[in-house]
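All ligand and atom numbering here is 1-based and tracks the order in the structure.
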Amino acid sequence: MKSFVTGLPKVELHLHIEGSLEPELMFELARRNQVAIPFSSPDEVRAAYQFTNLQSFLNIYYQGANVLLTEQDFFDLTWAYLERCRADNVQHCEIFFDPQTHTDRGVAFATVVNGICAALTKAEQELAISSQLIMCFLRHLDEDAAFATLEMALPFKDKIIGVGLDSSEQGNPPEKFARVFAKAKALGFLTVAHAGEEGPAQNIVDAIELLQVNRVDHGVSCAQDPALVASLAATRMPLTVCPLSNTKLKVFEHMTDHNLVELLRQGVCVTINSDDPAYFGGYMTANFMAVAEAFAISNAELAQFSLNAIEASFISQERKDELTQAVEAYLQQA
Ligand code: ADE
Ligand code: ZN
């Protein structure tokens, strides 16, 4: 099982690049940039990763991002993630970044985008890993701040395929950003949004209807509403599900309680992703393995998660066909 999962060609659609900051790199960047951090070793950082819910994680995650200051920092962060992609046979990835986490600390939008994109270009050339970049609005901040961020992105529009919505779901429903998303769409950005992670099924309905999203990030609370599940399956609206994240943040107590396999079997376009792998205990292979160990699931069903991610990705039909063939050929020889 482990070797099947490790070798399976994968596509990641839900990865916050700031959430791939490993404690060792956090320490190196803190030293390089002379930023004080309230820990004395990487092990002490790891020991602090005991989360009770989404907010308890976000508080630590935003603090960790303070060490990221220069273009080189964003390059190093992204390159480290891409090396994990190579190890896990992730052949295409769509990466989130949170511009406001950096611009609000005085780091220029260009510094962030240029650092990330330099690593993505190098990975395309040297590792044959393709990628897209999605910028997320922080939903705990207001609509004006999101509009200002959208404005800042315009000079980089050729590098950013879409906009997303993340941070604290409770108290910040999709409707708060309906006008920003309408403008982003009119400008030609694709759209995604975190919905139904900690929030109710209605947030998923609203993300689809009010924000017109192309994919729903998480979306696991759809199970509260059987009519919504049927509609997700009928429309093939993708869910970018993050198994280790969901158990670490207590969305599900145990992996065996998770609903992703049941949703897959109901025909929903479920995908497996790592969300914030440095904080939740693993990258793509670890997430697939956690699911494979918790459920009686066939190789074909595991491969279906990859096929779903290819279907849901923001890439050309030609690249989709190439990746689909790679997954099918792998499944046949397994
Ligand atoms: N930002 C980073 N990870 C997140 C998550 N799982 N939910 C909401 N916002 C996030
Ligand atoms: Zn997320």
Side-chain angles (χ1 to χ4, degrees), residues 11-22 26 49-66 68 74 77-78 81 93-104 112 116 132-141 145-146 149 162-174 176-177 191-200 203-204 206-207 211 213-222 238-252 258 260 270-284 286-287 290 309 312:
V11 164
E12 171 139 71
L13 304 178
H14 185 157
L15 174 281
H16 302 264
I17 199 64
E18 297 88 349
S20 70
L21 178 61
E22 290 287 342
M26 191 189 292
Y49 294 172
Q50 305 289 341
F51 310 120
T52 49
N53 56 20
L54 175 58
Q55 194 60 51
S56 67
F57 153 69
L58 290 171
N59 297 340
I60 288 190
Y61 161 85
Y62 294 130
Q63 186 183 61
N66 284 336
L68 296 162
F74 287 94
L77 173 71
T78 309
Y81 165 68
C93 57
E94 303 194 352
I95 295 181
F96 294 136
F97 73 111
D98 289 337
Q100 290 155 294
T101 300
H102 313 300
T103 54
D104 286 0
V112 181
I116 295 172
Q132 297 286 12
L133 191 56
I134 298 171
M135 69 165 198
C136 289
F137 302 117
L138 296 179
R139 70 202 306 161
H140 67 272
L141 301 179
T149 303
V163 302
L165 186 64
D166 66 0
S167 193
S168 322
E169 188 177 3
Q170 308 271 19
N172 300 292
K176 181 174 167 186
F177 296 95
T191 58
V192 299
H194 284 53
E197 179 185 16
E198 279 191 342
N203 281 1
I204 301 169
D206 289 347
L211 306 185
V213 292
N214 300 93
R215 303 194 291 248
V216 173
D217 297 312
H218 294 292
V220 292
S221 74
C222 68
L239 303 185
T240 64
V241 175
C242 308
L244 287 174
S245 165
N246 291 158
T247 50
K248 284 283 180 321
L249 301 186
K250 316 288 184 203
V251 174
F252 297 95
H258 206 295
L260 83 169
V270 180
T271 66
I272 290 181
N273 307 273
S274 70
D275 205 6
D276 301 284
Y279 292 87
F280 300 147
Y283 290 76
M284 284 290 273
N287 274 275

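- For the residue pair Q63 and N59, no side-chain donor N or O sits within less than 3.5 Å of a side-chain acceptor on the partner.
- Checked against side-chain contact (heavy atoms from CB on, under 4.5 Å), A290 has the following partners two or more places apart in sequence or in another chain: L244, M255.
- Protein N/O/S atoms closer to the Zn ion (ligand 2) than 2.8 Å number 4 in this structure.
- When atom types are taken as modelled, the side chain of N53 and the backbone of K250 share no donor-acceptor pair closer than 3.5 angstrom.
- Defined by atom type and a distance below 3.5 Å, a donor-acceptor pair is present between the side-chain atoms of Y62 and S167.
- Ligand 1 lies under 4.0 Å from heavy atoms of H16, L54, F57, L58, Y61, D166, S167, H194, E197, H218, D275, D276.
- When atom types are taken as modelled, the side chain of K176 and the backbone of R139 share a donor-acceptor pair closer than 3.5 angstrom.
- Judged by distance alone, the side chain of E169 and the main-chain N or O of G196 form a donor-acceptor pair under 3.5 Å.
- Remark: side-chain polar atoms of E12 are paired, donor with acceptor, to backbone N or O of S274 under 3.5 angstrom.
- Partners of C242 by side-chain contact (heavy atoms from CB on, under 4.5 Å), not counting sequence neighbours, listed by chain and number: H14, H218, S245, N273, D275.
- In this structure, the side chains of L15 and Y283 stay at 4.5 Å or more apart for every pair of heavy atoms.
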